[in-house]
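A note on names: the letters A, B, ... follow the listed sequences, proteins ahead of strands, and every chain is numbered from 1.
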Protein chains: 2
Amino acid sequence: MDDHVIEARDHFIQGISRISSFWGFPKAMGAIFAVTYLSAEPVTLDELVKEAGVSKGAVSTNIRNLERLGVVHKKLKVGDRKDYYVAETDFWKIAKGILREREKNEFDLAIRSVGESLELLNSEVDQTTDVETSAFYKERMLALKKFFDSLDNLVATLLVIDDLKSNVVKTMFSKN
Amino acid sequence: MDDHVIEARDHFIQGISRISSFWGFPKAMGAIFAVTYLSAEPVTLDELVKEAGVSKGAVSTNIRNLERLGVVHKKLKVGDRKDYYVAETDFWKIAKGILREREKNEFDLAIRSVGESLELLNSEVDQTTDVETSAFYKERMLALKKFFDSLDNLVATLLVIDDLKSNVVKTMFSKN
DNA sequence: TAGATCGTTTAGTTCGAACTAAACAAAGTA
DNA sequence: TACTTTGTTTAGTTCGAACTAAACGATCTA
């Protein structure tokens, strides 16, 4: 293969790896996706081991996460025990998948803890001390909770946008 | 102070710490912000050391980053060498500040590398081998680049939204 | 059954981000 | 000048996420 092509490919893989790690995913995950994305044919686990330069175990776990996020798709061939993977090419779909995944898991779990803190304050029928402090905490925590709720609505709204509407978004923010 | 209030406060600080680390920031950074946010009065570095339970060095570097992001603000008092900090309470502003910061730095640096890879392919006037592969790479890389450009426009658009319009957004996505 | 071929799981290791402790710098005060 | 008070920087350490190597399980074939 032409040197320039190889160089471009390597540079691309490296770039995707950085993007991956920037968004809080493993670098290897990015490399694995990049290889899959640059492959015209479905790729096997062993090919990914070779092309992405990571161990079989790492490919196994990372590709599974990629599939869970909808970033790649598993394709089985009849009479073939191997798993084949192809990259999702609709990046808006990918973005939605990732957002949806973050929505559950850690995200609103952490957000929920703000609500819980607030409830702790509200259930505090005590008359002991520091009414002022308690009131101030309530005010601040409530303000943050409201922000999170709005954000939640925003994301939820984006998630229910179907393909038709999403095309509107694509058109709006594309230059050509 | 009332036990419930202390418990609520601790729970809140812990929650913010998790959110912080979830978004790729140090846990301590979240704790420091939480303490600042829950303080009615401007706080000093030494108070933060005590309240957030991290070392002076860590507070120093983290608070500086928080200020750079516009999450807290430094307040100086006349005839007082201490630095005082207050939390920004407009979370939409905070979100914008963080987005803006990510915009520079790593983000479009990584994105740029995709463009560079593409250029490497285009500057490849060679006639050697693999015309097909090269064409395929170009196609895929261009598709990704277009997506990134759209995303870039989207973020840029959000960033130039002034306070008036941003109130529209707030209203749109608040429940009450 | 034995052996080959897959993907997964586990035990152990590596590596870097983020922390602490402590030295340092700067700027005021006595 | 010496001492105090404040924030920053540096050297060294810790700790966990993510990796590798290798054992394992499952499934097909001869």
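A:H11 and B:L120 make their closest contact through CB-CD1, 4.3 Å (heavy atoms, listed as atom of the first residue, atom of the second, distance). The minimum heavy-atom distance linking A:P26 with A:S20 is given by the pair O-OG, 2.8 Å. Taking all atoms of both residues into account, the shortest heavy-atom contact from B:N62 to B:A28 is ND2-CB, 3.9 Å.
Aromatic ring pairs are classed by plane angle as parallel below 30°, tilted from 30° to 60° and perpendicular above 60°; the pair A:Y37 and A:F12 is parallel.
Comparing A:G57 and A:G24, the nucleotide of DNA chain D nearest to each residue sits closer to the 5' end for A:G24.
Between the C1' atom of C:dG16 and the NZ atom of A:K27 lies a distance of 11 Å, rounded to the nearest Å. Rounded to an integer number of Å, the gap from A:M29 CE to D:dC19 P is 10 Å. Across the protein-nucleic acid pair, A:F22 atom CZ and C:dA17 atom P stand 14 Å apart, rounded to whole Å. D:dG7 atom P lies 9 Å from atom OH of B:Y84, rounded to whole Å. Atom C1' of nucleotide D:dT9 and atom CG of B:N62 are separated by 15 Å, given to the nearest angstrom. To the nearest angstrom, P of C:dT8 lies 10 Å from CD1 of A:I63. We find that NZ of B:K56 is positioned 17 Å from P of C:dC19, with the value rounded to whole Å. In this entry the distance linking NZ of B:K50 with C1' of D:dG7 reads 20 Å, nearest Å.
The 12-atom threshold is not exceeded at CD of A:Q14, counting heavy atoms of other residues, nucleotides or ligands nearer than 6.0 Å.
Salt bridge status for B:K50 with B:D46: absent, with no side-chain N to carboxylate O gap under 4.0 Å. A salt bridge between A:K145 and A:E119 is absent, with no side-chain N of the basic residue lying under 4.0 Å from a carboxylate O of the acidic one.
The stretch residues 41-48 of chain B comes close to DNA chain D through B:L45, each having a heavy atom under 4.0 Å from the strand. Contacts between residues 76-83 of chain B and DNA chain D, counted as heavy-atom distances below 4.0 Å, involve B:R81, B:K82, B:D83.
A:L144 is connected to B:W23 through a chain of hydrophobic side-chain contacts under 4.5 Å among Ile, Leu, Val, Met, Phe, Trp and Tyr, so both are in one cluster.
Here B:V59 lies out of heavy-atom contact (under 4.0 Å) with every strand.
For A:S60, a side-chain nitrogen or oxygen approaches OP1 or OP2 of C:dT8 to under 4.0 Å.
Among the nucleotides C:dT20, D:dC19, D:dT9, the one closest to any side-chain atom of A:A28 is D:dC19. Distance from the side chain of A:S55 is smallest for D:dT20 among the nucleotides C:dT20, C:dT9, D:dT20.
Under the rule for a side-chain hydrogen bond (donor to acceptor under 3.5 Å, both in side chains), A:T36 has no partner lying at least two apart in sequence or in another chain.
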